[in-house]
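Each chain gets a letter, A, B and so on, in the order its sequence line appears, and its residues count up from 1.
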Amino acid sequence: MNENELLAELLLPKTDKQPEYYEELYPARNIPEGAKVTRVAPSPTGYLHLGTLFTALVNRITATSSGGVFYTRIEDTDKKREVEGGIADIIGGLNRFGIAIDEGFISGDSEKGEYGPYKQSMRGEIYRCFAKDLIKRGLAYPCFCTADELSKMREEQEKLKVRTGYHGEWARHRNITYSEAKALIDAGKPFVIRLRSGGSESRRVVFDDVIKGKIEMPENDEDFVILKSDGIPTYHFAHAVDDHLMRTTHVFRGDEWISSAPKHIELFRVLGFKQVKYGHISPIMKLDGGAKRKISKRKDPEAAVHFFAEEGYPASAVIEYLMTIAASDFEDWRRVNPDADYKLFKFNPKKMSVSGALFDNDKLNDVSKIIISKMQSGAVYSALCDWAKEFDGDFYGILSTDPDYTAKMLAVDRDGVKNARKDIAKWSEAKSYFAYYFDSLFVPDYSTPERVSPADAKTFLEKYTSVYSESDDRQAWFDKIKAIAPEIGFAAETKEYKAEPEKYKGSAGDLSGVLRLAVTGRTNTPDLCGIMSVLGKEKCAERIKAYINNI
RNA sequence: GGCCCGGUGGUCAAGAGGCCUAAGACACCGCCCUUUCACGGCGGUAACACGAGUUCGAAUCUCGUCCGGGUCACCA
C-alpha cells in the first residue's frame, strides 16, 4: 500500500466497498432519450416553504414535460437543525399541492424506488466509499483544525486583507503525512475530510445554466470539507454522490447555490461523474416597505405554505399562480387551453425569469377567483366545508346545520351559468361573503341607494311585498319590479331612464338595489332572485319589514 | 470588501439590432352591455435605471456608474 492508501485505511477503516459496487447497484435509468430526471431535496429543518414548493413544481414539470422521473430525497445531514415532523410536513405538503412524486419519499415515513435509500442519513457508507476513494487517489485528506483555529485563521486573513478560506498556503493540513495523521488520530483528535482542490483562482469555470445561460466564475480552489467529523457528508459532497448515483440529469435549485457551483463542478470532475445540468431559480421576493427582498420564513406568513391553507386558497390556485411565475409563456398557453390540466403545459426553463419575482397577492387572488368560479357548487361545498372544519369551527357549524340550504346557497349564480362570477378568492372570504344567508351573521344596512329616497324605498317595498311570490322565475321576478317602477316615478327600463334622466327619479335597477339592500344588507351580491328563493318568502318578508321600519 | 446574478409601467412579463409609435396579464380608471352585483366587450393612465461607446440604426451588443439580490461554515 502506498501512503495515500494507508491514509485511507487509517481514516475510514470500516469502509470496504469500491465505487464500482455502487455504480453497478444503481445502473443508468431505462428511460427514453431526452427524458429528464429531476428531484427536490428538502432538508427537514422546518416546514414546507413557498420556495421549496416552487422549486419542486419546476422540477416536477420539467420531468413531466420530458417524460422523465421526479423524485424526492431528504437531506438530513444536519442533525442539529432538524425539526420533528419536518419530513411529514414537507412531503405531505407536496402531496396536498398535487406534486406527484414518482420515487423517493412519498410520505413522512415511506419511500419507494430502486435508487434509495432516499434519506441521506441512511447513505453514510456510500459517501464514505467515495470519500475513501478520493483519499486513495490523493484527492482528499484529513484536516484536524478546530473551529477555533479556523476562526483565528480567518481573522488573520481579514487583517492581511487576503481572501478568507481554507485554500492554498492556508490549507494547513494539505500535505499531512500518514504518520502525522496517525499520531493525531491515536491522540483521539477529531478530523474532517477535505477535498485537495486542484483548482486555481486565476482560471475560470464556465457552465451553461439552463435558466440563466452562460455563467463564468473563478475556479474553486478551496479545500472544502466533504465529510464532517461525524462522518456525515456536507451538502456539496452528498449532492455530487447522490445526484450521480440516483442518475439525476437536471438540478433546479435556488440561485443561492450559484456561488458554490464551482465546488460542485470540481467534485463531479474528480469523482469521474457525468456533470448534471443546473438551473438556478431566482427567489420569490416580497415588498417590504419600499424594498424588494427574498421572501423570508421568519417575517412573512406566506413563506410557509401552510398560510395558504389557512387562508383557504385552493391548492390548485397556488400552483396555477406559481406556474405564471415559473413560465412566462404559461398564461398564453392557458388562454388557449382554459380548462386543461397545467401538467400538460410544455415547460421550457429558458422561459423562466432570471430575476426574482415579487409575490403578487392581487394576481394570486385573480387566479384563484377564476379557479373557484369554474367549480360546480358540489365541489365548492366540499372544499368550503373542509376548510371551515379545519380553520373556522363556528362557520362550519353554521354551514353544516342545514346542508341542503348551504348547497342551494352555493348554487346561486354558479351552476348552469355561462359566465360564472369571479367572486371569492379564498374560503376565508366566504363567511362575510355569504353572511346574509344566516341570521347569526347577517348585518343589516338601513341606507338607500343614491337615487332612491327612503320614502320611495318604503313605498316600493310595500307594493313589492304584496306581489312577490316565491315561485317567480327570474323574468317574473323582475317584471314585478318593473311594473311598480312607473307607479312611483321610476323608469321600467334602464334605457328609458338614460334617454331622459330628467323625466324619472331613477330606473327599475335602482329599485332592485333597494330590495337587495333590504334583503341582504349589501349593495353587491349574486343574482338577487336566486338569493331570495333560497332565503324563502318568510325570511325575505321579515328583512324587508325590518328595513322599512328602520330607514 | 471579493466573487457571482440581475435591473422594461405599481406588479408579472413579451422582446435575440430595424417588424417598438415597446405586446399581453394583474391592479386602477372610463365607457358599453346589464334588474342589482358580477361575467364579458371596448378603451385609458403608466416602463426600456443612468452615462458613454459600437452601428446608418440600440430595450436588444460593449464598457462604466448607480441600484437590488445572492454568496463567502464541519448549514443546507
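- With sequence neighbours excluded, the residues forming a ring-ring contact (aromatic ring centres under 6.0 Å, His included) with A/His280 are A/Tyr278, listed by chain and number.
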Between the protein and nucleotides 43-47 of chain B, list every N/O to N/O distance that falls short of 3.5 Å.
none

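- Applying the ring-ring contact (aromatic ring centres under 6.0 Å, His included) criterion to A/Phe460, with sequence neighbours excluded, gives A/Tyr464.
- With sequence neighbours excluded, the residues satisfying salt bridge (Lys or Arg N to Asp or Glu O under 4.0 Å) with A/Asp243 are A/Arg39, A/Arg73.
- Judged as a salt bridge (Lys or Arg N to Asp or Glu O under 4.0 Å), the pairs with a partner in residues 221-230 of chain A (not counting sequence neighbours) are, in order, A/Arg163-A/Asp221, A/Arg174-A/Asp223.
- With sequence neighbours left out, the ring-ring contact (aromatic ring centres under 6.0 Å, His included) criterion links A/Tyr166 to no other residue.
- Across B/C74, B/C75, B/C5, the shortest atom-to-atom separation from the side chain of A/Asp78 is found for B/C75.
- Not a single donor-acceptor pair, N or O on each side, falls under 3.5 Å between the base of B/C74 and the side chain of A/Thr234.
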Return the polar atom pairs (N/O with N/O) between nucleotides 60-66 of chain B and the protein under 3.5 Å, or none.
none

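- One finds the CD1 atom of A/Ile90 at 8.0 Å from the CD1 atom of A/Ile87 (value rounded to the nearest 0.5 Å).
- The salt bridge (Lys or Arg N to Asp or Glu O under 4.0 Å) check on A/Asp339 picks up A/Lys374, with sequence neighbours excluded.
- At a threshold of 4.0 angstrom between heavy atoms, the contacts of A/Arg522 with the nucleic acid are absent.
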Please produce a list of atom pairs where a protein N or O lies less than 3.5 Å from an N or O of nucleotides 70-72 of chain B.
from: B/U71; atom 1: O4'; to: A/Ser259; atom 2: OG; distance (Å): 3.3
from: B/U71; atom 1: O2'; to: A/Ser259; atom 2: OG; distance (Å): 3.1

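- Listed by chain and residue number, A/Phe144 satisfy the ring-ring contact (aromatic ring centres under 6.0 Å, His included) test with A/His173 (two or more places apart in sequence, or in another chain).
- For A/Glu82, the salt bridge (Lys or Arg N to Asp or Glu O under 4.0 Å) criterion is met by A/Lys79, not counting sequence neighbours.
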Annotated protein contacts, base or backbone, on nucleotides 6-12 of chain B with a non-hydrogen cut-off under 4.0 Å, one of B, S, - each: S----BS
